[in-house]
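Below: one structure, written as structure tokens.
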Amino acid sequence: MINQELAKIFKEMAEYLLMDDVPFKPQAYERAAMNLEMFDGDLERIYKEGGGKALLAIPSVGKGIADKIIEYIETGHVDEYEKMRKAAPVNLSELRSVEGLGPKHIRFLYEKLGIRNVKDLEKAARAKKIRALPGFGEKSEEKILKSIGFFKKRSDGRTLLGTAAPFVRLLEKRLANLREVEQLVVAGSIRRRKETIGDIDILIISREPERVMDFFVKMPEVVAILGQGKTKSSVKTAMGLNIDLRVLPQKSYGAGLLYFTGSKKHNVILREVAIERGYKLSEYGLFKGTRQLPAETEEDIYKTLGLDYIEPELRENTGEVDLAQRHKLPRLVGYGDLQGDLQVQTEWTDGKHSIDVMAKAALERGLAYIAITDHTKHLAMTGGLDEKKIVRQWKEIDLVNKKYAGKIKILKGTECDILKDGSLDLPDSILSQLDVVGASIHSYFKLTRKEQTERILRALQSPYVDIIFHPTGRVIGRRDPYEIDIDRVIDAAKKTGTILEANAYPDRLDLKDEHIRKCIDAGVKIAINSDAHSSAHFDLLEYGIAQARRGWATKNDVINAWPLAKMAAMLKK
DNA sequence: GCCGTTTTCGGCCCGACTGTTTTCAGTCG
């Protein structure tokens with residue numbers, strides 16, 4: 001897909017325009033880049049089928065950008081972009097990832113010292129050449145060297161929500177305990193429950209901000225102070241995550257929380273709505289002229305703007321503001337709504353604990369049913385179950401069911417391997433006796449898109465396969481999804497009445513949010529499963545719920561948010 | 001360059017912090 005390539009080009013063009021101090025165009029290019037990055041359609045196909053006119057229908061694509069898309073499709077390059085690169089031949093993306101270095105400085109440093117990349121930059125800084133430039137000084141030079149240090153160590157980008165969350169809870173507790181802190185909330189992408197986060201945003205209400213800031217920047221995890229002020233401080237931690245702390249007065253709490261929760265795109269839209277209605281919205285409040293309107297909570301602000309409350313998970317500017325205006329937002333599945341878990345491994349294969357221990361742990365977390373879904377024989381390294389072994393497992397399940405009768409129901413299930421040709425690793429004679437059949441791919445990740453799609457479609461056709469587990473196979477930051485045509489899979493799921501999984505494991509979260517939304521739109525049901533390999537893993541369900549909420553799922557879309565009988569009736573048998 | 005029941009021109013989100021300045025530009029979110 002050329003969408004990503006064009007997004008990158010437009011993003012860089014925005015930077016070049018910023019270097020030249022061109023007004024407004026940079027934002028236009030940046031918006032176009034962001035939209036193309038998320039855009040689902042195939043630009044080449046859209047152009048071939050509908051011409052330039054079809055491109056103009058894409059938000060933030062106008063005449064200028066459409067022409068450049070067409071130029072790229074037809075010639076493989078964008079002339080204006082090439083010209084910009086010649087005028088300032090610097091490694092933009094590399095230099096931009098040095099914290100504190102923006103487009104203006106990059107241009108200036110190139111013009112004065114010929115700096116084209118981080119290596120040049122380091123050399124010049126070490127030679128004390130930067131401090132001599134107008135507008136720079138000794139401190140700027142030191143800062144650049146420090147930033148280069150972080151640049152070199154950078155683990156590249158984002159942290160899993162599941163990795164950051166425990167650390168954040170610790171921070172939260174520690175800061176909330178301070179006498180000076182009246183109220184504390186973690187905002188930003190963590191509050192929106194994004195699968196990975198770039199940094200941590202904390203919002204505090206306090207009348208003694210200096211003392212809070214002082215404590216904050218001196219915490220043991222802090223390796224560098226990026227900024228420290230009365231209302232805003234920012235630090236880098238040993239684990240590479242940056243933390244921004246903002247202190248606000250009580251009367252700004254709603255507006256501040258809204259602002260710092262984001263997303264940026266959601267905020268921009270809200271401010272536009274505010275302007276349309278004659279208000280001004282900032283992190284300090286909602287204003288009519290110079291008069292500040294009462295807006296202590298987010299709800300107040302949405303209401304004044306004529307909008308229904310928008311859950312943080314929806315604030316990505318993917319249509320939520322429009323629906324809030326028309327009072328048509330979905331009522332999202334809640335964090336306490338799950339009644340069961342349909343993917344659980346045990347010590348029979350690669351899980352840590354027995355069926356009994358897993359049942360007890362699920363019961364303690366308020367679940368009413370779980371499905372035991374150990375691997376099958378093709379996955380030999382886990383000791384996958386064959387026809388004989390799985391029958392033996394049923395006896396143990398029967399025993400545990402007796403023990404917990406009336407409290408929690410243990411369903412007989414499987415995570416059955418989908419073999420290379422799309423056939424299943426257990427015979428129908430076994431599958432037909434199971435309560436829940438999950439099927440998933442654990443081999444031949446590199447098939448072509450067509451082969452992989454056909455393979456998974458064949459599994460969907462089985463009259464016994466109830467759920468496809470982790471349908472795209474990605475492991476965030478480690479393994480790309482295998483090539484499948486997700487639209488065809490969702491379509492086939494709809495036709496065959498197959499459920500698709502929203503796997504809750506923090507580095508899987510598979511399906512991802514936008515796929516879940518496609519399922520919901522298509523009327524395909526999902527199951528939010530922990531994929532638990534130990535008793536503690538039931539706690540991971542919250543990440544799956546979060547992902548489902550980001551995919552606009554309601555309780556009605558999630559079969560394991562239903563009572564057992566209703567859920568079972570939804571399965572194929 | 002994009003966009004529009006204020007629609008084909010004239011707007012475009014807004015403020016904190018830093019380092020270098022004597023009033024502000026650059027960067028960030």
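These numbers were taken from a predicted model, which means no experiment stands behind them. First the proteins, then the strands, lettered A, B, ... as listed; each starts at 1.
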- Given A/K68 and A/Y29, is the side-chain hydrogen bond (donor to acceptor under 3.5 Å, both in side chains) satisfied, shown in steps? CA-CA 11 Å; A/K68 290 183 182 67; A/Y29 276 97; 3.2 Å; yes
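A/K280 has a side-chain polar atom (N or O) that falls below the 4.0 Å cut-off from OP1 or OP2 of B/dG15. Between A/K25 and B/dG1 there is a side-chain N or O to OP1 or OP2 distance below 4.0 Å. At the phosphate of B/dG1, neither OP1 nor OP2 sits under 4.0 Å from any side-chain N or O atom of A/S60. Between A/K230 and B/dC17, a side-chain N or O to OP1/OP2 separation shorter than 4.0 Å is absent. A close approach under 4.0 Å does occur between a side-chain nitrogen or oxygen of A/T231 and OP1 or OP2 of B/dC17. Between A/Y284 and B/dA16 there is a side-chain N or O to OP1 or OP2 distance below 4.0 Å. In this structure, A/R277 does not reach the B/dT6 phosphate: none of its side-chain N or O atoms is under 4.0 Å from OP1 or OP2.
At whole-Å resolution of the value, CE in A/M213 and C1' in B/dA16 are 10 Å apart. A/E276 places its CD atom 19 Å from the P atom of B/dG10, with the value rounded to the nearest Å. The distance from atom CZ of A/F10 to atom P of B/dC2 is 9 Å, rounded to the nearest whole Å. Remark: P of B/dC13 and CG of A/N317 are 13 Å apart, rounded to the nearest angstrom. Taking atom CG of residue A/L270 and atom P of nucleotide B/dC13, one finds them 13 Å apart after rounding to whole Å. As rounded to whole Å, 9 Å separates atom C1' of B/dT18 from atom NZ of A/K139. Here the P atom of nucleotide B/dC13 and the CD atom of A/Q27 are 7 Å apart, to the nearest Å. One atom, NZ of A/K68, and another, P of B/dC2, lie 7 Å apart when rounded to the nearest Å.
As rounded to the nearest Å, B/dT18 and B/dT22 have C1' atoms that lie 16 Å from one another. Annotation: B/dC2 and B/dT6 have their P atoms spaced 23 Å apart (nearest Å). Distance noted for atom C1' between B/dT7 and B/dG11: 12 Å (whole Å). Distance check on atom C1': B/dT21 versus B/dG26 gives 13 Å, rounded to whole Å. Straight-line distance between the P atoms of B/dC17 and B/dC12: roughly 25 Å, to the nearest whole Å. Comparing B/dC3 with B/dT8, their C1' atoms are spaced 10 Å from each other, to the whole Å. A gap of 14 Å separates the C1' atoms of B/dC13 and B/dC28, to the nearest Å.
Look at B/dT8: it lacks any Watson-Crick or wobble partner with both distances under 3.5 angstrom.
Using a 4.0 Å cut-off between charged nitrogen and carboxylate oxygen, A/K230 and A/E208 do not count as a salt-bridge pair.
For the residue pair A/E99 and A/N242, a side-chain donor N or O sits within less than 3.5 Å of a side-chain acceptor on the partner. Under 3.5 Å, the side chains of A/Y47 and A/E74 contain a donor-acceptor pair of N or O atoms. At a cut-off of 3.5 Å, with distance as the only test, no side-chain donor of A/E542 or A/Y335 sits close to an acceptor on the other residue.
Across all strands, A/L17 comes closer than 4.0 Å to no nucleic acid atom at all (heavy-atom distances). As judged by a 4.0 angstrom heavy-atom cut-off over every strand, A/P134 is placed among residues making no nucleic acid contact. Across all strands shown, A/P23 has no heavy atoms under 4.0 Å from either base or sugar-phosphate atoms. Among the heavy atoms of the strands lying under 4.0 Å from A/K104 are primed sugar atoms or P, OP1, OP2 only; no base atom is included.
Checked against the 6.0 Å centroid threshold, A/Y505 and A/H470 do not count as a close aromatic pair.
The residue among A/Q228 and A/V268 whose nearest nucleotide of DNA chain B is located toward the 5' end is A/V268. Nearer the 5' end of DNA chain B, as judged by each residue's closest nucleotide, is the contact made by A/G229, out of A/G229 and A/Y259.
Checking A/H327, A/Q325, A/R326 one by one against A/L323, the side-chain contact (heavy atoms from CB on, under 4.5 Å) holds for a single residue, A/R326.
Stacking between A/F24 and B/dC2 is absent: the aromatic ring centre is not both under 5.5 angstrom from the base six-membered ring centre and within 30 degrees in plane angle.
Residue A/I65 places its side chain closer to B/dG1 than to any other of B/dC14, B/dT27, B/dG1. Side chain of A/R96, nearest nucleotide from B/dC28, B/dG1, B/dG19: B/dC28. The side chain of A/S140 has B/dT20 as its nearest neighbour among B/dT20, B/dT27, B/dC14.
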